[in-house]
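Worth saying up front: this structure is predicted, and the values here are computed from it rather than measured. Order of listing sets the numbers, starting from 1, for every ligand and every atom in it. Counting from 1, the numbers follow the sequence of the chain as shown.
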Amino acid sequence: MTGTIVKAISSFYYVEAENKIYETKVRGNLRYNNIELVTGDRVDIEVLDEENRKGVIFKSHKRSNLMKRPPVANITQAILVFSVKSPDPNLSLIDRFLITAMKEHVEIIICFNKIDLDDEKLIESLKANYSAAGYPIVPVSAETGYNVEALRDYLRDNTTIVAGPSGAGKSTLINQLVKDAKLKTGEVSEKIGRGRHTTRYTELIKLDENAFIADSPGFSSIDISDIEERDLKEYFPEFYEYDEQCRFGSKCIHEKEPACRVKEAVEQGLIAERRYESYLQLLNEIRERSSRRRN
Ligand SMILES: Nc1nc2c(ncn2[C@@H]2O[C@H](COP(=O)(O)OP(=O)(O)OP(=O)(O)O)[C@@H](O)[C@H]2O)c(=O)[nH]1
Ligand SMILES: [Mg+2]
Ligand SMILES: [Zn+2]
(Lines give C-alpha, C1' and ligand atoms only; values in the text may rest on other atoms or scores of the structure.)
(Ligands and ions follow the chains in the order given, each with its own letter.)
Protein backbone atom coordinates (compact mmCIF):
# COMPACT_ATOMS: atom_id res chain seq x y z
CA MET A 1 0.00 0.00 0.00
CA THR A 2 1.15 3.51 -0.69
CA GLY A 3 0.53 6.14 1.94
CA THR A 4 1.66 9.43 3.40
CA ILE A 5 3.58 9.97 6.60
CA VAL A 6 1.33 12.18 8.69
CA LYS A 7 3.53 12.31 11.77
CA ALA A 8 7.01 11.19 12.78
CA ILE A 9 7.93 10.60 16.40
CA SER A 10 11.50 9.41 16.89
CA SER A 11 11.63 6.10 15.01
CA PHE A 12 7.85 5.72 14.61
CA TYR A 13 6.08 6.90 11.50
CA TYR A 14 2.32 7.24 11.34
CA VAL A 15 1.23 6.53 7.80
CA GLU A 16 -2.14 7.37 6.33
CA ALA A 17 -3.21 4.85 3.68
CA GLU A 18 -6.72 4.09 2.46
CA ASN A 19 -8.18 6.33 5.17
CA LYS A 20 -6.54 4.41 7.99
CA ILE A 21 -3.50 5.33 10.08
CA TYR A 22 -0.79 2.71 10.53
CA GLU A 23 1.97 2.85 13.09
CA THR A 24 5.12 1.86 11.25
CA LYS A 25 8.87 1.61 11.51
CA VAL A 26 11.37 1.73 8.71
CA ARG A 27 12.73 -1.55 7.39
CA GLY A 28 16.48 -1.96 7.88
CA ASN A 29 17.54 -1.79 4.25
CA LEU A 30 15.94 1.64 3.90
CA ARG A 31 17.74 2.98 6.93
CA TYR A 32 21.10 2.29 5.30
CA ASN A 33 20.28 4.76 2.55
CA ASN A 34 20.51 7.47 5.16
CA ILE A 35 17.33 9.19 4.13
CA GLU A 36 15.65 10.81 7.07
CA LEU A 37 11.94 10.40 6.41
CA VAL A 38 9.73 13.30 7.39
CA THR A 39 6.05 14.19 7.57
CA GLY A 40 4.65 14.44 4.06
CA ASP A 41 6.83 11.72 2.59
CA ARG A 42 5.07 9.21 0.35
CA VAL A 43 5.96 5.65 1.30
CA ASP A 44 5.09 2.05 0.51
CA ILE A 45 4.16 -0.01 3.53
CA GLU A 46 3.59 -3.62 4.26
CA VAL A 47 0.87 -4.23 6.82
CA LEU A 48 2.07 -6.59 9.55
CA ASP A 49 -0.99 -6.50 11.75
CA GLU A 50 -4.19 -5.10 10.25
CA GLU A 51 -6.16 -5.30 13.46
CA ASN A 52 -3.73 -3.19 15.43
CA ARG A 53 -2.79 -1.12 12.39
CA LYS A 54 0.90 -1.88 12.44
CA GLY A 55 3.21 -2.03 9.49
CA VAL A 56 6.63 -1.43 8.09
CA ILE A 57 7.90 1.04 5.51
CA PHE A 58 9.92 -0.67 2.79
CA LYS A 59 10.19 2.07 0.21
CA SER A 60 10.10 5.86 0.09
CA HIS A 61 9.11 7.82 -2.98
CA LYS A 62 10.94 10.69 -4.59
CA ARG A 63 10.03 14.05 -3.07
CA SER A 64 8.78 17.05 -4.96
CA ASN A 65 10.30 19.29 -2.31
CA LEU A 66 11.64 19.32 1.22
CA MET A 67 11.49 22.09 3.80
CA LYS A 68 13.83 22.06 6.75
CA ARG A 69 11.99 24.42 8.99
CA PRO A 70 9.49 23.12 9.74
CA PRO A 71 10.58 19.68 8.49
CA VAL A 72 8.06 18.55 5.87
CA ALA A 73 8.07 17.10 2.36
CA ASN A 74 5.82 17.37 -0.71
CA ILE A 75 3.92 20.47 0.28
CA THR A 76 2.41 22.82 -2.26
CA GLN A 77 1.62 25.79 -0.06
CA ALA A 78 2.55 27.50 3.19
CA ILE A 79 0.39 29.67 5.37
CA LEU A 80 2.90 31.73 7.29
CA VAL A 81 1.35 32.79 10.59
CA PHE A 82 2.67 35.70 12.60
CA SER A 83 0.71 37.57 15.24
CA VAL A 84 0.40 41.35 14.97
CA LYS A 85 1.44 41.37 18.62
CA SER A 86 1.91 39.02 21.59
CA PRO A 87 4.42 37.92 20.42
CA ASP A 88 5.51 40.84 18.21
CA PRO A 89 6.33 39.80 14.66
CA ASN A 90 10.01 39.44 13.82
CA LEU A 91 10.21 40.87 10.31
CA SER A 92 13.60 39.37 9.55
CA LEU A 93 12.19 35.95 10.38
CA ILE A 94 9.27 36.53 7.99
CA ASP A 95 11.69 37.41 5.20
CA ARG A 96 13.83 34.37 5.91
CA PHE A 97 10.87 32.06 5.82
CA LEU A 98 9.68 33.56 2.53
CA ILE A 99 13.09 32.82 1.03
CA THR A 100 13.19 29.18 2.10
CA ALA A 101 9.61 28.61 0.93
CA MET A 102 10.24 30.21 -2.46
CA LYS A 103 13.35 28.12 -2.85
CA GLU A 104 11.20 24.99 -2.58
CA HIS A 105 8.58 26.42 -4.98
CA VAL A 106 5.94 26.58 -2.30
CA GLU A 107 3.01 29.00 -2.73
CA ILE A 108 2.91 31.49 0.12
CA ILE A 109 0.11 33.15 2.03
CA ILE A 110 1.01 35.54 4.81
CA CYS A 111 -1.49 35.42 7.63
CA PHE A 112 -1.37 38.04 10.37
CA ASN A 113 -3.18 36.69 13.39
CA LYS A 114 -4.56 38.21 16.62
CA ILE A 115 -6.21 41.12 14.82
CA ASP A 116 -8.52 41.34 17.83
CA LEU A 117 -5.56 42.74 19.81
CA ASP A 118 -4.60 45.28 17.16
CA ASP A 119 -5.89 48.52 18.68
CA GLU A 120 -3.01 50.48 17.14
CA LYS A 121 -3.69 49.21 13.61
CA LEU A 122 -0.22 47.70 13.33
CA ILE A 123 -1.60 45.60 10.50
CA GLU A 124 -1.43 48.58 8.14
CA SER A 125 2.36 48.90 8.22
CA LEU A 126 2.79 45.13 8.19
CA LYS A 127 0.69 44.93 5.05
CA ALA A 128 2.57 47.82 3.48
CA ASN A 129 5.86 45.95 3.87
CA TYR A 130 4.67 43.03 1.79
CA SER A 131 2.06 44.38 -0.61
CA ALA A 132 4.59 45.22 -3.36
CA ALA A 133 6.00 41.70 -3.11
CA GLY A 134 2.63 40.33 -4.17
CA TYR A 135 2.05 37.67 -1.54
CA PRO A 136 -1.57 37.32 -0.49
CA ILE A 137 -1.96 38.82 2.98
CA VAL A 138 -4.81 37.64 5.17
CA PRO A 139 -5.45 39.28 8.56
CA VAL A 140 -7.39 37.00 10.90
CA SER A 141 -8.27 36.36 14.48
CA ALA A 142 -8.06 32.66 15.18
CA GLU A 143 -9.54 33.37 18.60
CA THR A 144 -12.74 35.10 17.46
CA GLY A 145 -12.84 33.43 14.04
CA TYR A 146 -12.67 36.78 12.26
CA ASN A 147 -11.82 36.33 8.54
CA VAL A 148 -10.66 32.73 9.02
CA GLU A 149 -13.02 31.70 6.21
CA ALA A 150 -10.90 33.73 3.80
CA LEU A 151 -8.25 31.02 4.13
CA ARG A 152 -10.53 28.13 3.29
CA ASP A 153 -10.49 28.53 -0.48
CA TYR A 154 -6.72 28.35 -0.50
CA LEU A 155 -6.77 24.91 1.08
CA ARG A 156 -8.56 23.20 -1.79
CA ASP A 157 -6.37 20.66 -3.64
CA ASN A 158 -3.31 21.73 -1.68
CA THR A 159 -1.01 20.26 0.91
CA THR A 160 -0.57 23.23 3.19
CA ILE A 161 1.93 23.71 5.97
CA VAL A 162 0.98 26.19 8.66
CA ALA A 163 4.25 27.67 9.85
CA GLY A 164 5.44 30.45 12.11
CA PRO A 165 6.94 31.21 15.51
CA SER A 166 5.72 29.65 18.72
CA GLY A 167 2.69 31.44 20.13
CA ALA A 168 1.58 32.98 16.82
CA GLY A 169 -1.60 30.91 16.95
CA LYS A 170 -1.02 28.21 14.33
CA SER A 171 -2.79 25.44 16.21
CA THR A 172 -5.63 27.74 17.26
CA LEU A 173 -6.09 28.67 13.60
CA ILE A 174 -6.20 25.06 12.43
CA ASN A 175 -8.71 24.25 15.16
CA GLN A 176 -10.93 26.95 13.64
CA LEU A 177 -10.46 25.65 10.12
CA VAL A 178 -10.82 21.94 10.83
CA LYS A 179 -13.75 20.97 12.98
CA ASP A 180 -12.32 17.92 14.72
CA ALA A 181 -8.65 18.82 14.74
CA LYS A 182 -8.59 19.45 18.52
CA LEU A 183 -4.94 20.45 18.53
CA LYS A 184 -3.36 21.47 21.78
CA THR A 185 -2.68 25.17 22.20
CA GLY A 186 -0.60 26.96 24.80
CA GLU A 187 -0.35 30.38 26.31
CA VAL A 188 2.24 32.97 25.42
CA SER A 189 4.58 33.53 28.34
CA GLU A 190 4.12 37.06 29.67
CA LYS A 191 7.61 37.15 31.08
CA ILE A 192 9.54 36.32 27.92
CA GLY A 193 6.82 37.36 25.45
CA ARG A 194 7.11 34.13 23.49
CA GLY A 195 5.16 30.96 23.00
CA ARG A 196 5.95 27.80 24.92
CA HIS A 197 6.49 25.42 22.01
CA THR A 198 3.27 23.59 22.60
CA THR A 199 3.26 21.80 19.24
CA ARG A 200 6.11 19.29 19.09
CA TYR A 201 5.69 17.56 15.75
CA THR A 202 4.74 18.43 12.23
CA GLU A 203 1.42 16.71 11.76
CA LEU A 204 -0.66 16.37 8.60
CA ILE A 205 -4.42 16.34 8.85
CA LYS A 206 -6.35 14.95 5.91
CA LEU A 207 -9.09 17.27 4.71
CA ASP A 208 -10.21 15.21 1.72
CA GLU A 209 -8.72 13.05 -1.04
CA ASN A 210 -6.73 15.97 -2.44
CA ALA A 211 -6.07 18.23 0.51
CA PHE A 212 -3.97 18.08 3.65
CA ILE A 213 -3.11 20.72 6.22
CA ALA A 214 -0.18 20.46 8.62
CA ASP A 215 0.38 21.97 12.02
CA SER A 216 4.05 22.43 12.93
CA PRO A 217 6.29 23.41 15.84
CA GLY A 218 7.13 27.11 16.10
CA PHE A 219 10.56 28.24 14.96
CA SER A 220 12.68 31.16 16.12
CA SER A 221 15.45 31.18 13.52
CA ILE A 222 15.92 30.21 9.88
CA ASP A 223 19.22 29.60 8.21
CA ILE A 224 19.61 30.87 4.65
CA SER A 225 23.27 29.97 4.23
CA ASP A 226 22.59 27.84 1.16
CA ILE A 227 21.62 30.93 -0.86
CA GLU A 228 24.31 32.51 -3.06
CA GLU A 229 24.98 36.22 -2.74
CA ARG A 230 24.06 36.97 -6.37
CA ASP A 231 20.85 34.90 -6.17
CA LEU A 232 19.39 36.60 -3.11
CA LYS A 233 17.53 39.24 -5.12
CA GLU A 234 15.52 36.50 -6.84
CA TYR A 235 13.73 35.99 -3.53
CA PHE A 236 12.46 39.57 -3.42
CA PRO A 237 9.68 39.62 -6.03
CA GLU A 238 9.14 43.37 -5.66
CA PHE A 239 12.56 43.93 -7.23
CA TYR A 240 11.81 42.04 -10.45
CA GLU A 241 10.20 44.80 -12.46
CA TYR A 242 13.10 47.18 -11.84
CA ASP A 243 15.93 44.69 -12.13
CA GLU A 244 16.46 45.07 -15.89
CA GLN A 245 16.41 48.85 -15.65
CA CYS A 246 19.54 49.18 -13.52
CA ARG A 247 22.59 50.51 -15.33
CA PHE A 248 24.31 47.17 -14.85
CA GLY A 249 21.15 45.33 -15.83
CA SER A 250 20.73 41.90 -14.34
CA LYS A 251 24.30 42.01 -12.97
CA CYS A 252 23.28 44.69 -10.47
CA ILE A 253 22.83 43.39 -6.95
CA HIS A 254 21.19 46.65 -5.95
CA GLU A 255 23.66 47.56 -3.30
CA LYS A 256 26.32 50.16 -4.13
CA GLU A 257 26.08 50.25 -7.90
CA PRO A 258 25.41 53.62 -9.58
CA ALA A 259 22.07 54.23 -11.31
CA CYS A 260 20.38 51.36 -9.56
CA ARG A 261 16.68 51.42 -10.36
CA VAL A 262 15.81 49.29 -7.33
CA LYS A 263 17.41 51.77 -4.94
CA GLU A 264 15.53 54.51 -6.73
CA ALA A 265 12.28 52.63 -6.31
CA VAL A 266 12.98 52.36 -2.59
CA GLU A 267 13.50 56.13 -2.40
CA GLN A 268 10.27 56.68 -4.30
CA GLY A 269 8.40 54.47 -1.88
CA LEU A 270 7.60 51.87 -4.53
CA ILE A 271 9.51 49.20 -2.62
CA ALA A 272 9.18 49.04 1.17
CA GLU A 273 12.29 50.41 2.84
CA ARG A 274 12.05 47.81 5.54
CA ARG A 275 12.26 45.01 2.96
CA TYR A 276 15.21 46.59 1.21
CA GLU A 277 17.06 46.92 4.54
CA SER A 278 16.32 43.30 5.21
CA TYR A 279 17.76 42.44 1.81
CA LEU A 280 21.01 44.30 2.59
CA GLN A 281 21.27 42.66 5.97
CA LEU A 282 20.84 39.18 4.53
CA LEU A 283 23.33 39.98 1.79
CA ASN A 284 25.93 40.82 4.42
CA GLU A 285 25.10 37.77 6.40
CA ILE A 286 25.66 35.54 3.36
CA ARG A 287 28.98 37.26 2.66
CA GLU A 288 30.25 36.92 6.19
CA ARG A 289 29.42 33.27 6.16
CA SER A 290 31.15 32.54 2.89
CA SER A 291 34.27 34.45 3.96
CA ARG A 292 34.33 32.46 7.17
CA ARG A 293 34.04 29.30 5.10
CA ARG A 294 37.03 30.30 2.99
CA ASN A 295 39.21 30.97 6.04
N1 LIG B 1 -6.02 37.32 21.38
C2 LIG B 1 -5.78 36.29 20.58
N3 LIG B 1 -5.12 35.23 21.05
C4 LIG B 1 -4.89 34.20 20.21
C5 LIG B 1 -5.33 34.20 18.87
N6 LIG B 1 -4.94 33.05 18.29
C7 LIG B 1 -4.28 32.35 19.23
N8 LIG B 1 -4.26 33.03 20.40
C9 LIG B 1 -3.66 32.59 21.67
O10 LIG B 1 -2.25 32.53 21.48
C11 LIG B 1 -1.71 31.47 22.28
C12 LIG B 1 -0.84 30.57 21.41
O13 LIG B 1 -1.67 29.89 20.49
P14 LIG B 1 -1.23 28.51 19.81
O15 LIG B 1 -2.28 28.19 18.81
O16 LIG B 1 -0.90 27.50 20.82
O17 LIG B 1 0.11 28.98 19.08
P18 LIG B 1 1.08 28.10 18.14
O19 LIG B 1 1.49 29.00 17.02
O20 LIG B 1 0.42 26.84 17.77
O21 LIG B 1 2.34 27.85 19.08
P22 LIG B 1 3.38 26.58 19.15
O23 LIG B 1 2.58 25.32 19.05
O24 LIG B 1 4.05 26.76 20.45
O25 LIG B 1 4.31 26.76 17.99
C26 LIG B 1 -2.91 30.76 22.90
O27 LIG B 1 -3.05 31.24 24.22
C28 LIG B 1 -4.06 31.19 22.04
O29 LIG B 1 -5.29 31.20 22.74
C30 LIG B 1 -6.05 35.35 18.41
O31 LIG B 1 -6.47 35.47 17.26
N32 LIG B 1 -6.23 36.35 19.30
MG1 LIG C 1 0.92 24.89 18.05
ZN1 LIG D 1 20.17 47.65 -9.14
Visitor: So does Glu124 have more than 12 non-hydrogen atoms from other groups sitting under 6.0 Å from CD?
Guide: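 Atom CD in Glu124 is crowded, with more than 12 foreign heavy atoms closer than 6.0 Å.
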Visitor: Aromatic ring centroids of Tyr22 and Tyr13 under 6.0 Å?
Guide: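 Aromatic pair excluded; centres sit 6.0 Å or further apart.
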Visitor: Answer yes when Glu285 and Arg96 have at least one side-chain N-carboxylate O distance shorter than 4.0 Å, and no when they do not.
Guide: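 Answer for the salt bridge query: yes.
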Visitor: Please write down residue, atom name and distance for the protein heavy atom closest to atom 17 (O) of ligand 1.
Guide: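 Heavy-atom neighbour on the protein nearest atom 17 (O) of ligand 1: Gly169 N, 3.1 Å.
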Visitor: Count the heavy atoms of every other residue, nucleotide or ligand shown that sit under 6.0 Å from CD of Glu50, and state whether that count exceeds 12.
Guide: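 Counting other residues, nucleotides and ligands, CD of Glu50 exceeds 12 neighbours.
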Visitor: What N, O or S atom of His254 is found closest to the Zn ion (ligand 3)?
Guide: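 Of all N, O or S atoms in His254, the Zn ion (ligand 3) lies closest to ND1.
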Visitor: Numbering the atoms of ligand 1 from 1, which are under 4.0 Å from a heavy atom of His197?
Guide: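 Per the distance check, 24 (O).
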Visitor: Hey, is ligand 1 close enough to Thr144 that some N/O pair sits below 3.5 Å?
Guide: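 Thr144 vs ligand 1: no N/O contact under 3.5 Å.
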Visitor: Are there over 12 heavy-atom neighbours, none belonging to Lys20, within less than 6.0 Å of that residue's NZ?
Guide: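 Enclosed.
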Visitor: Between Asp226 and Lys103, is there a side-chain N and carboxylate O pair less than 4.0 Å apart?
Guide: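 Here Asp226 pairs with Lys103 in a salt bridge, since their nearest N and O are under 4.0 Å apart.
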Visitor: Write out the residue and atom name of the closest protein heavy atom to atom 10 (O) of ligand 1, then the distance separating them to 0.1 Å.
Guide: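 Looking at atom 10 (O) of ligand 1, the protein heavy atom closest to it is Lys114 NZ, 3.0 Å.
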Visitor: May I ask you to decide whether Asp118 forms a salt bridge with Lys85, counting only side-chain N to carboxylate O separations under 4.0 Å?
Guide: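 Salt bridge between Asp118 and Lys85, a charged N being under 4.0 Å from a carboxylate O: no.
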Visitor: Is the closest basic N to carboxylate O distance between Lys54 and Glu51 below 4.0 Å?
Guide: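 Salt bridge flag = no for Glu51 with Lys54.
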Visitor: Below 3.5 angstrom, do we get any N/O pair linking Asn113 and ligand 1?
Guide: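 Asn113 vs ligand 1: N/O contact under 3.5 Å present.
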Visitor: May I ask you to decide whether Glu238 forms a salt bridge with Arg275, counting only side-chain N to carboxylate O separations under 4.0 Å?
Guide: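 Yes.
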Visitor: Run the salt-bridge test on Glu143 and Lys114 with the 4.0 Å N-O cut-off and return the result as yes or no.
Guide: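 Result for this pair is no, no salt bridge flagged.
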Visitor: Considering only heavy atoms of Pro165, which atoms of ligand 1 have at least one such atom less than 4.0 Å away?
Guide: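 Close to Pro165: 19 (O).
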Visitor: Using a 3.5 Å cut-off on N or O atoms only, is Leu117 in polar contact with ligand 1?
Guide: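 Among all N and O atoms of Leu117, none is under 3.5 Å from an N or O of ligand 1.
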Visitor: Suppose you place the vertex at the Zn ion (ligand 3); what is the angle out to Cys252 SG and Cys260 SG, to 10°?
Guide: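 That angle works out to 110° after rounding to 10°.
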Visitor: Does Ala142 come within less than 4.0 Å of ligand 1, judged by its heavy atoms?
Guide: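 Ala142: in contact with ligand 1 (<4.0 Å).
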Visitor: Just to check, does Ser83 reach to within less than 4.0 Å of ligand 1 when the distance is taken from its heavy atoms?
Guide: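 Ser83 does not count as a contact of ligand 1 under the 4.0 Å cut-off.
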Visitor: Is Gly167 in polar range of ligand 1, meaning some N or O pair under 3.5 Å apart?
Guide: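 Such a contact does occur with ligand 1.
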Visitor: Tell me whether the centres of the aromatic rings in Phe97 and Phe219 are closer together than 6.0 Å.
Guide: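 Yes - the distance between ring centres of Phe97 and Phe219 falls below the 6.0 Å cut-off.
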Visitor: Assess Ala168 for proximity to ligand 1: is some non-hydrogen atom of it under 4.0 Å away?
Guide: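 Yes, Ala168 has a heavy atom closer than 4.0 Å to ligand 1.
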Visitor: According to side-chain contact (heavy atoms from CB on, under 4.5 Å), who are the partners of Glu264, at least two apart in sequence or on a separate chain?
Guide: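 side-chain contact (heavy atoms from CB on, under 4.5 Å) list for Glu264, sorted by chain: Arg261, Gln268.
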Visitor: Distance to 0.1 Å, residue and atom name: give those for the protein heavy atom nearest to atom 2 (C) of ligand 1.
Guide: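 Result for atom 2 (C) of ligand 1: Asp116 OD2, 3.5 Å.
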Visitor: Do me a favour and list the nearest non-hydrogen protein atom to atom 26 (C) of ligand 1 with residue, atom name and distance?
Guide: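 Looking at atom 26 (C) of ligand 1, the protein heavy atom closest to it is Gly186 O, 3.2 Å.
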Visitor: What about Gly218: any of its N or O atoms under 3.5 Å from an N or O on ligand 1?
Guide: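 The answer is yes, given that Gly218 and ligand 1 share an N or O pair closer than 3.5 Å.
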Visitor: Do any N/O atoms on Ile115 end up under 3.5 angstrom from N/O atoms on ligand 1?
Guide: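 Ile115 vs ligand 1: no N/O contact under 3.5 Å.
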Visitor: Which protein heavy atom lies closest to atom 24 (O) of ligand 1, and at what distance to 0.1 Å?
Guide: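 Checked against all protein heavy atoms, atom 24 (O) of ligand 1 sits closest to Ser166 OG, 2.6 Å.
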Visitor: Would you mind counting protein N, O or S atoms that sit less than 2.8 Å from the Mg ion (ligand 2)?
Guide: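 Every protein N, O or S atom under 2.8 Å from the Mg ion (ligand 2) counted, the figure is 2.
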Visitor: For salt bridge (Lys or Arg N to Asp or Glu O under 4.0 Å), just list the numbers for Glu23 and Arg53, CA-CA rounded to whole Å, side-chain angles, deciding distance to a tenth of an Å, and then say yes or no.
Guide: CA-CA 6 Å; Glu23 182 190 281; Arg53 302 272 152 81; over 6 Å; no
Visitor: One thing to verify: whether Lys263 and Glu257 come together as a salt bridge, which I'm taking to mean a side-chain N less than 4.0 angstrom from a carboxylate O.
Guide: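 Result for this pair is no, no salt bridge flagged.
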Visitor: Would you say Asp215 has any N or O atom under 3.5 Å from an N or O of ligand 1, going by distance alone?
Guide: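 By distance alone, the answer is no.
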Visitor: So which heavy atom in the protein is nearest atom 3 (N) of ligand 1, and how far is it from that ligand atom?
Guide: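 Residue, atom and distance for the closest contact: Glu143 OE1, 3.6 Å.
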Visitor: Is any NZ, NE, NH1 or NH2 atom of the basic residue among Arg156 and Asp153 found under 4.0 Å from an Asp or Glu carboxylate oxygen of the other?
Guide: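 Answer for the salt bridge query: yes.
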Visitor: Near Arg287 CZ, under 6.0 Å, is it more than 12 heavy atoms from other residues, nucleotides or ligands?
Guide: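 Yes, because the 6.0 Å sphere around CZ of Arg287 holds more than 12 heavy atoms from other groups.
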Visitor: Is there at least one pair of N or O atoms, one from Lys170 and one from ligand 1, spaced under 3.5 Å apart?
Guide: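 In this structure, Lys170 places an N or O atom under 3.5 Å from an N or O of ligand 1.
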Visitor: Quick check: are there more than 12 heavy atoms from other residues, nucleotides or ligands sitting under 6.0 Å from CD of Glu255?
Guide: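 Atom CD in Glu255 is packed in, count exceeds 12.
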Visitor: Does any N or O of ligand 1 fall below 3.5 Å from an N or O anywhere on Ser171, backbone included?
Guide: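 Among all N and O atoms of Ser171, at least one is under 3.5 Å from an N or O of ligand 1.
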Visitor: If I apply the N/O under 3.5 Å rule, does Thr172 come out as touching ligand 1?
Guide: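 By distance alone, the answer is yes.
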